[in-house]
Number of protein chains: 2
Amino acid sequence: MISYYQCLNFIVEIIIVDTRNTTELARELGRCLIEMRNFLRQYIQAKIKEHQMDISFEMIEIMACLWNKDGINQQEIADIVIKDKSSMTYLVDNLVKRNMVSRKVDADDRRNNLIYITKEGRLLQKKLNPWILEMYETAASGIQKTKITQSIKVVKKMSENLKAEKGLVIIM
Amino acid sequence: MISYYQCLNFIVEIIIVDTRNTTELARELGRCLIEMRNFLRQYIQAKIKEHQMDISFEMIEIMACLWNKDGINQQEIADIVIKDKSSMTYLVDNLVKRNMVSRKVDADDRRNNLIYITKEGRLLQKKLNPWILEMYETAASGIQKTKITQSIKVVKKMSENLKAEKGLVIIM
DNA sequence: AATTATTAGTTTGATATCATACTATCAATG
DNA sequence: CATTGATAGTATGATATCAAACTAATAATT
């Protein structure tokens with residue numbers, strides 16, 4: 001049960017109104033997003049440098065996909081990390097060179113290159129996972145879960161709005 | 001005055017709890033950010049292509065800074081668009097080539113290159129501004145102002161958390 | 001069964017990004 | 001006023017990004 005004061009707190013917070021219009025706010029949110037993304041990248045890159053590891057932030061993004069689900073194809077990875085499939089060719093090439101993953105042609109659909117983590121890739125996971133976790137814990141510290149959830153909803157809604165509009169453009 | 005039902009609505013929305021932990025939510029927010037950013041870029045790039053204009057999204061970002069405040073130096077622009085200063089050399093070079101801006105050495109501090117919009121740059125502004133506005137209006141449509149404000153707060157807090165941590169790393 | 005459309009991946013080329021090292025200028029300190 | 005430190009910008013090289021054109025394999029349609 002929520003107390004009267006909690007309720008009041010919520011409402012007060014909601015009532016404090018920004019004088020800028022929605023468009024300006026959307027702009028600022030966009031800018032904040034880039035900034036945060038950069039801090040995330042810098043956070044990991046500092047760790048990479050500190051430990052003198054031969055891997056890039058972008059390659060780690062791909063590894064993180066595979067730690068979650070091994071043996072997916074390049075297009076699936078591209079969709080998750082939101083990059084072009086030709087970037088995948090480039091980055092997976094580099095990961096193969098570093099013995100972090102291996103390409104295997106899918107027997108069921110020979111168009112697919114299934115990407116599997118190697119033993120060395122697993123070692124990397126053991127080393128990196130605590131850092132990534134730590135990074136997100138740092139990022140999220142002192143923020144209520146519900147607020148993050150709300151923010152995700154807002155950003156997703158914006159993406160959907162833009163996606164829908166893009167669809168229209170294609171039709172026209 | 002907020003009605004009982006409005007109050008209830010706020011609370012209900014806040015109470016719907018995501019089962020994932022904060023860290024996972026922070027991760028998802030990060031991913032959403034990239035996606036939204038990509039849609040913004042694609043939105044503008046579609047317009048550029050449609051009108052066969054010789055300018056990139058990145059250059060437009062810089063122009064948008066100058067439309068807001070003309071005659072700032074390259075470092076100031078870099079801070080606003082959150083890019084390296086060497087990227088500024090590259091992008092401003094390209095804008096100068098296209099006659100959109102001009103570099104002028106600051107008489108008061110000869111280290112500064114002050115960047116001014118040219119007449120052609122003003123024409124571009126007239127053409128592009130409605131699109132950018134339209135884009136953000138599209139993005140923000142159907143979202144309450146207060147929710148965007150809240151999201152900005154969340155993302156800024158995360159950036160601050162990461163910035164503070166980075167500071168520590170430098171000390172150590 | 002043949003044709004067409006779709007999908008996964010690669011190649012290539014243009015662009016953008018950033019770290020690093022460098023020059024030039026200004027500021028601060030002794 | 002000389003030295004040291006900080007700041008703005010540039011040059012360079014390595015990496016990453018994406019669009020477009022392409023090949024190969026599969027799915028859908030006739």
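Bear in mind that the values here come from a model prediction, so they are computed numbers and not experimental data. Reckoned from all heavy atoms, side chains included, excluding hydrogens, waters and symmetry mates. Chain A is the first sequence line, chain B the second, and so forth, proteins listed ahead of strands; every chain is numbered from 1.
- B:Asp108 places its CG atom 10 Å from the P atom of C:dC26, with the value rounded to the nearest Å.
- Look at CZ on A:Arg41: it is 15 Å from P on D:dT15, rounded to the nearest Å.
- One atom, CD1 of B:Ile62, and another, P of D:dG9, lie 12 Å apart when rounded to the nearest Å.
- Taking every heavy atom of residues 109-117 of chain A and every atom of DNA chain D, pairs under 4.0 Å involve A:Asp109, A:Arg110, A:Arg111, by number.
- Going from atom CG of A:Asp106 over to atom C1' of C:dT7 covers 13 Å, rounded to whole Å.
- In this structure, B:Lys104 atom NZ and D:dA8 atom C1' are separated by 19 Å, rounded to whole Å.
- When the shell of 6.0 Å around CZ of A:Arg122 is examined, it contains more than 12 heavy atoms from other residues, nucleotides or ligands.
- The side chain of B:Met59 lies closest to C:dA16 when the candidates are C:dA16, C:dA19, D:dA20.
- Residue whose closest nucleotide on DNA chain D sits further toward the 5' end, between A:Phe57 and A:Ala107: A:Phe57.
- Using a 4.0 Å cut-off on heavy atoms, the residues of residues 81-103 of chain A that approach DNA chain C are A:Lys85, A:Ser86, A:Thr89, A:Arg103, listed by number.
- At C:dT10, one or more side-chain N or O atoms of A:Gln74 fall inside 4.0 Å of OP1 or OP2 (strictly under the cut-off).
- The main-chain N or O of A:Leu114 is never found under 3.5 Å from a side-chain atom of A:Asn73 such that the two would form a donor-acceptor pair.
- Axis angle, first five pairs versus last five pairs of the helix from C:dA1-D:dT30 to C:dG30-D:dC1: 30°, rounded to 10°.
- Rounded to whole Å, the distance from CD1 on A:Ile55 to C1' on D:dA14 is 16 Å.
- When rounded to the nearest whole Å, the span between CD of B:Gln45 and C1' of C:dA14 equals 13 Å.
- The side-chain heavy atoms of B:Thr138 and B:Met135, taken from C-beta on, include no pair separated by under 4.5 Å.
- Salt bridge B:Asp106/B:Arg111: absent, no basic N to carboxylate O contact under 4.0 Å.
- Distance, B:Arg37 CZ to C:dA16 P: 13 Å, rounded to whole Å.
- A:Ile72 pairs in a side-chain contact (heavy atoms from CB on, under 4.5 Å) with only one of the listed residues (A:Asn112, A:Asn113, A:Asp79, A:Ile77), which is A:Ile77.
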